[in-house]
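Working notes, structure below.
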Amino acid sequence: MRQLQLMAYGEPSNVVELNTISEPVLGEEEVLVAMEAAPLNPSDFMLVRGMYGVRPSFPFSLGSEGVGRVTKTGSKVDVALQGKRVLILPTYEQGTWADQVVVATRNLVPISDEADPLQSAMIGINPATAYLLLNRYVSLRRGDWIGQTAANSAMGQYIIALAKLEGVKTLNVVRREDAAEQVRQFGGDRVVFQGDNLHKDIEKALDGKQLSLVLDMVGGTLVGELAKSLKTGGSIVVYGVQSRQFPTVPPELVFRGLSLHGFWLINWLRNAPRAEIQETYKKLGDLVANGSLSASVDRVYSLDRFKEAFEHSLKSNRSGKILFTFDA
């Protein structure tokens, strides 16, 4: 079994190794999964650099999510799982940047054989996060507006797609014109640029409307500019801090009854009932299978080329996600 292992915190190409390990003995409620595809996410690189909420001991098997097929089952596992395609949940209890992975059954969900495995591999983190952000904090109605930062990211693409399915409008903040064009292609309703005139541009784009929800993965002052256009009682949800700066919010947070939330998917995976987790991922899997939900893919790599994959994934001007693929 080959897997990418983190040997110490630092820059990805310096501290990650491709190592071969012996195939472990399966526990009673574990399965062996032959991997088909696994994406590279910003959170993976935050973990590698020691800047994430997961602080593992070394060596640590990397890769947070992915899909593959069950090739062996433990003694207490339903044999019907044999040969099935499964989604590995991003609990960080196993690493998916590997050709084979041992997974506890609590950390996987069977999914459709009909969907593109590249798209299915990406369901675990971004679509689930987008779905929960849109459904947990505000009761959105058709015609409502939401605002989001880093709208050209894969997360932004999923948020736009899921919002569109419910008739919710999106105001999208980006930094560059090529990013704005990406967002328009995703189906974003309005696009504005970061900069000194952001608040005025937001007001012009909304044309008298107000936001019900602001979703932020950047941090810093950006979320505060969006918050000024929130309606009374609206919510801000922060699910990432790409700028490494804590979100700055205006006094309106107090005076207009706005609420500020932090969201981390792992907390939901740890605390939500198993039935809710399965239902959520089944719903998302069905949307991927029927073509309603997808993210752009820039390129795929084999494990042997992991340093090239890291370099490509860390570029800011990618046209889509980077994934590892395997000869399952």
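Within the 4.5 Å cutoff, no side-chain heavy atoms of K282 are placed close to those of V109. The closest side-chain heavy-atom distance from N152 to R176 is below 4.5 Å. V103 has its side chain out of reach of T96: every pair of non-hydrogen atoms, C-beta onward, lies at least 4.5 Å apart. Between S296 and F186 there is a side-chain heavy-atom pair separated by less than 4.5 Å. Contact of the E311 side chain with the S13 side chain is not registered, since no non-hydrogen atoms from C-beta on lie closer than 4.5 Å. Inter-residue side-chain proximity for V297 and Q119 is flagged as met; some heavy-atom pair is nearer than 4.5 Å. Counting heavy atoms from C-beta on, the side chains of E276 and W268 come closer than 4.5 Å. Proximity of L206 to Q210: side-chain heavy atoms (C-beta onward) are nowhere separated by under 4.5 Å.
With hydrophobic clusters built from ILVMFWY side chains whose heavy atoms lie under 4.5 angstrom apart, L230 shares a cluster with I202. When hydrophobic clusters are built by joining Ile, Leu, Val, Met, Phe, Trp and Tyr residues whose side-chain heavy atoms come closer than 4.5 Å, directly or via intermediates, L87 is grouped together with M155. Follow the hydrophobic side-chain contacts under 4.5 Å out from I322 and you reach V16 in the same cluster. The hydrophobic cluster containing L284 also contains I111, counting ILVMFWY residues as joined when their side-chain heavy atoms lie under 4.5 angstrom apart, directly or transitively. Residues Y158 and L89 share a single hydrophobic cluster, defined by chaining ILVMFWY side chains whose heavy atoms lie under 4.5 Å apart.
Annotation: the span from D304 atom CG to L18 atom CG amounts to 6.0 Å, rounded to 0.5 Å. One finds the OG atom of S302 at 11.0 Å from the CG atom of D99 (value rounded to the nearest 0.5 Å). Summarising the geometry, atom CZ belonging to R299 is positioned 11.0 Å from atom OG1 belonging to T325; distances are rounded to the nearest 0.5 Å. If you take CG on D207 and CH2 on W145, they are separated by 9.0 Å, rounding to the nearest 0.5 Å. Residue T91 holds its OG1 atom at 10.5 Å from CG of L265, rounded to the nearest 0.5 Å. The structure places CZ of R175 at 6.5 Å from OG of S316, a figure rounded to the nearest 0.5 Å.
Other residues, nucleotides and ligands contribute at most 12 non-hydrogen atoms within 6.0 Å of the CD atom of E114. Residue R2 places its CZ atom among more than 12 non-hydrogen atoms of other residues, nucleotides or ligands, all under 6.0 Å distant. For D196, the CG atom sits in a loose shell: 12 or fewer heavy atoms of surrounding residues, nucleotides or ligands are nearer than 6.0 Å. Atom CD of E166 has 12 or fewer heavy atoms from other residues, nucleotides or ligands within 6.0 Å.
By the 30° and 60° cut-offs, the orientation of the rings of F263 relative to Y137 is perpendicular.
Pairing each heavy atom of V67 with each of P117, the nearest pair is CG2-O, 3.5 Å. F326 and A98 get closest at one heavy-atom pair: CE2-O, 3.2 Å. In plain terms, the two heavy atoms of L323 and A121 that are nearest each other are CD2-CB, 4.1 Å. A pairwise comparison of heavy atoms in A115 and R85 identifies O-NH1, 3.0 Å as the closest pair. Residues P12 and L314 come closest through the heavy atom pair CG-CD1, 4.2 Å. For the residue pair L140 and S212, the shortest heavy atom distance occurs at CD2-CB, 3.8 Å.
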Exercise. Evaluate side chain to side chain contact (heavy atoms under 4.5 Å, CB included) for V138 paired with I146, printing each intermediate quantity in order.
Key: CA-CA 10 Å; V138 175; I146 67 168; over 6 Å; no
Practice problem: Decide side chain to side chain contact (heavy atoms under 4.5 Å, CB included) for L162 and L287; before the verdict, give the C-alpha distance in whole Å, the side-chain angles of both, and the deciding distance to 0.1 Å. | Solution: CA-CA 9 Å; L162 289 171; L287 290 173; 3.9 Å; yes
Practice problem: For V174 and F193, run side chain to side chain contact (heavy atoms under 4.5 Å, CB included): C-alpha distance rounded to whole Å, both residues' side-chain angles, the deciding distance at 0.1 Å, then the answer. | Solution: CA-CA 5 Å; V174 298; F193 292 93; 4.0 Å; yes
Exercise. Could you walk me through whether V15 and L6 pass side chain to side chain contact (heavy atoms under 4.5 Å, CB included), step by step?
Key: CA-CA 6 Å; V15 296; L6 179 64; 3.7 Å; yes
May I have the list of side-chain donor-acceptor pairs in residues 216-229 shorter than 3.5 Å, sequence neighbours left out?
| unit_1 | atom_1 | unit_2 | atom_2 | d |
| --- | --- | --- | --- | --- |
| D216 | OD1 | T149 | OG1 | 2.8 |
| D216 | OD1 | V218 | N | 3.1 |
| D216 | OD1 | G219 | N | 3.4 |
| D216 | OD2 | G219 | N | 2.9 |
| E225 | OE2 | K228 | NZ | 3.2 |

Result block: side-chain N/O donor-acceptor pairs under 3.5 angstrom for residues 37-63, not counting sequence neighbours:
| unit_1 | atom_1 | unit_2 | atom_2 | d |
| --- | --- | --- | --- | --- |
| N41 | OD1 | K321 | NZ | 2.6 |
| N41 | ND2 | E65 | OE2 | 2.9 |
| D44 | OD1 | S64 | OG | 3.1 |
| D44 | OD2 | N41 | N | 2.9 |
| R49 | NE | E11 | OE2 | 3.2 |
| R49 | NH2 | E11 | OE1 | 3.0 |
| Y52 | OH | W264 | NE1 | 2.8 |
| R55 | NH1 | G50 | O | 2.4 |
| S61 | OG | Q3 | OE1 | 2.6 |

Return a table of donor-acceptor pairs under 3.5 angstrom between the side chains of residues 122-131 and protein atoms on other chains or two or more places apart.
| unit_1 | atom_1 | unit_2 | atom_2 | d |
| --- | --- | --- | --- | --- |
| T129 | OG1 | I125 | O | 2.8 |
| Y131 | OH | K283 | NZ | 2.9 |

Determine all donor-acceptor pairs shorter than 3.5 Å in which one atom belongs to a side chain in residues 22-34; sequence neighbours excluded.
| unit_1 | atom_1 | unit_2 | atom_2 | d |
| --- | --- | --- | --- | --- |
| E23 | OE2 | K72 | NZ | 2.8 |
| E28 | OE1 | K76 | NZ | 3.3 |
| E30 | OE1 | G27 | N | 2.7 |

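A salt bridge links R184 with E177: the closest approach of a Lys/Arg side-chain nitrogen to an acidic carboxylate oxygen falls below 4.0 angstrom. A salt bridge does not link E203 with K200: none of the charged nitrogens is closer than 4.0 Å to a carboxylate oxygen.
A donor-acceptor pair is defined here as one N or O able to donate and one able to accept, closer than 3.5 Å; no such pair exists between the side chain of Q5 and the backbone of N19. Side-chain N or O atoms of N172 include one that pairs as donor or acceptor with a backbone N or O of T170 at under 3.5 Å. Side chain of R274 to main chain of R106: a donor-acceptor pair is present (N/O by atom type, distance under 3.5 Å, no hydrogens or angles). Between the side chain of D144 and the backbone N or O of R141 there is at least one donor-acceptor pair closer than 3.5 Å. With hydrogens and angles disregarded, a donor-acceptor distance shorter than 3.5 Å links the side chain of R318 to the backbone of S313. Counting only distance, with no hydrogens or angles, the side chain of Q82 and the backbone of T71 share a donor-acceptor pair below 3.5 Å.
The side chain to side chain donor-acceptor pair (under 3.5 Å) test applied to H261 returns S259, not counting sequence neighbours. Applying the ring pair (Phe, Tyr, Trp, His ring centres under 6.0 Å) test to F324 and every residue at least two apart in sequence or in another chain returns W97.
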